[in-house]
Amino acid sequence: MSKGIFITATGTDVGKTYVTALITKALCDNGINAGYYKAVLSGAEIINEKIIAGDAKFVFDCAKIEKEPNDYVSYILKAPVSPHLAAELENVTLELNTMYNHFNRIKSEFEYITVEGSGGIICPIRLDSEVIMLTDIIRKLGLEVIIVASAELGTINHTILTVEYAKQQGICIRGIILNNYDDKSFLHRDNKRIIERLTGIEVMAMVEKGAKRLNMQNDKLCSLYKEI
Ligand SMILES: Nc1ncnc2c1ncn2[C@@H]1O[C@H](COP(=O)(O)OP(=O)(O)OP(=O)(O)O)[C@@H](O)[C@H]1O
Ligand SMILES: [Mg+2]
């Protein structure tokens, strides 16, 4: 039986990949067979004419997982725009069942899988005759979420909106991680306190700029993963 968790964020570029890399590294360093999956990546890098799923590569490099990163992303799209638009530009039809089947194959390879979302919690995946939103993927894969949020000014608004939307969508939130956190900043310390108070959800870890390790006990980290 595998276990999984879904990493979402208050927006794109907030640090899902960075935090996922630290989480995956922490698990691997503790001898756990940990892996990664992302359903749709847009804005892929092209290196030597080869398309690269940069997010997966970053995580695999950090955690020293010697597998082909592109094999762990169901759809790798070039345009650095929302998945629904990147897919439309490339004439690709994004299928929830393809993601589900791919994820199930990956499940058999790893004990703990950290799944990275695309963008923030509200992210259109497909908007043609069929409507698929990111939350449909979370539910289809049967996962609960961790929200990565910035430690900076504005994060109270972004984080609470994200929490409320996830709840409204019936998605269970296991915790919040504040990224680019500076313990010397009274603003960052206050943001942590206010987010916990207004959401009732624990800020389980704070990740500093350039952090090389996740500051969380391994038992606690493992307890966040749900059997899938
Ligand atoms: N704590 C940190 N310290 C240093 N650099 C960071 C940190 N968090 C994020 N970054 C950098 O900020 C950029 C955006 O972060 P990241 O790629 O993790 O965001 P993301 O939420 O995964 O974005 P996307 O929506 O494109 O998947 C990257 O260049 C990343 O390396
Ligand atoms: Mg990313």
Side-chain angles (χ1 to χ4, degrees), residues 4-26 35-47 51-63 65 69-70 72-87 89 94 99 113-125 133-135 137-138 143 145-155 158-159 161-163 165-166 173 175-185 187-189 191-192 203-216 221:
I5 190 86
F6 191 97
I7 308 296
T8 187
T10 53
T12 190
D13 269 346
V14 169
K16 295 183 298 296
T17 302
Y18 197 94
V19 169
T20 300
L22 293 188
I23 288 175
T24 310
K25 178 178 161 33
Y36 170 90
Y37 171 70
K38 178 156 175 151
V40 190
L41 181 144
S42 47
E45 297 163 47
I46 310 284
I47 300 172
I51 193 159
I52 308 281
D55 286 7
K57 186 175 184 320
F58 187 90
V59 174
F60 284 31
D61 285 350
C62 176
I65 296 173
N70 284 13
Y72 297 86
V73 181
S74 293
Y75 294 96
I76 307 172
L77 305 166
K78 290 192 207 94
V81 296
S82 171
H84 79 280
L85 185 56
L89 292 170
L94 304 180
M99 300 171 200
I113 308 175
T114 310
V115 180
E116 181 184 347
S118 311
I121 190 81
I122 304 177
C123 179
I125 302 296
M133 299 294 287
L134 182 84
T135 43
I137 300 179
I138 301 173
L143 295 167
V145 304
I146 290 174
I147 297 168
V148 177
S150 162
E152 276 300 340
L153 184 63
T155 195
H158 292 151
T159 307
L161 286 171
T162 302
V163 165
Y165 185 79
I173 304 155
I176 295 166
I177 294 182
L178 285 185
N179 191 27
N180 287 311
Y181 184 88
D182 178 0
D183 196 49
K184 290 196 273 307
S185 162
L187 170 69
H188 292 189
R189 290 198 307 271
N191 279 340
K192 172 182 181 292
V203 173
M204 296 172 310
M206 287 84 80
V207 173
E208 290 183 2
K209 204 175 278 295
K212 298 277 175 266
R213 292 168 49 87
L214 183 75
N215 205 356
M216 201 191 300
L221 177 58

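Counting starts at 1 for both ligands and their atoms, in listed order. FYI, side chains are in, hydrogens and waters are out, and symmetry mates aren't considered; it's all heavy atoms of this structure.
Under 4.0 Å from ligand 1, not a single heavy atom of Val148 appears. Under 4.0 Å from ligand 1, heavy atoms of Asp13 appear from its side chain as well as its backbone. Of the heavy atoms in Thr20, none comes closer than 4.0 Å to ligand 1.
For ligand 1, the atoms sitting less than 4.0 Å from at least one non-hydrogen atom of Lys38 are 27 (O), numbered in the order shown with element in parentheses.
Taking all heavy atoms of Lys212, Met206, Lys209, Glu116 into account, the minimum distance to atom 27 (O) of ligand 1 is reached by Glu116. The heavy atom nearest to atom 4 (C) of ligand 1, considering only Ala211, Ala21, Gly210, is found in Gly210.
Considering backbone and side-chain atoms together, Gly117 places no N or O closer than 3.5 Å to any N or O of ligand 1. At under 3.5 Å, a nitrogen or oxygen of Gly15, whether backbone or side chain, sits near a nitrogen or oxygen of ligand 1. Here's the thing with Ser118: none of its N/O atoms is less than 3.5 angstrom from an N/O atom of ligand 1.
Distances from atom 6 (C) of ligand 1 to the protein include at least one heavy-atom value under 4.0 Å. Distance screen at 4.0 Å: atom 13 (C) of ligand 1 has no protein heavy-atom neighbour inside the cut-off. The protein does not reach atom 29 (O) of ligand 1 closely, with no heavy atom under 4.0 angstrom from it.
Ring geometry for Tyr181 versus His188: interplanar angle of 30 to 60°, hence tilted.
By the salt bridge (Lys or Arg N to Asp or Glu O under 4.0 Å) test, Asp182 is found to be paired with no residue, residues two or more places apart in sequence or in another chain being considered.
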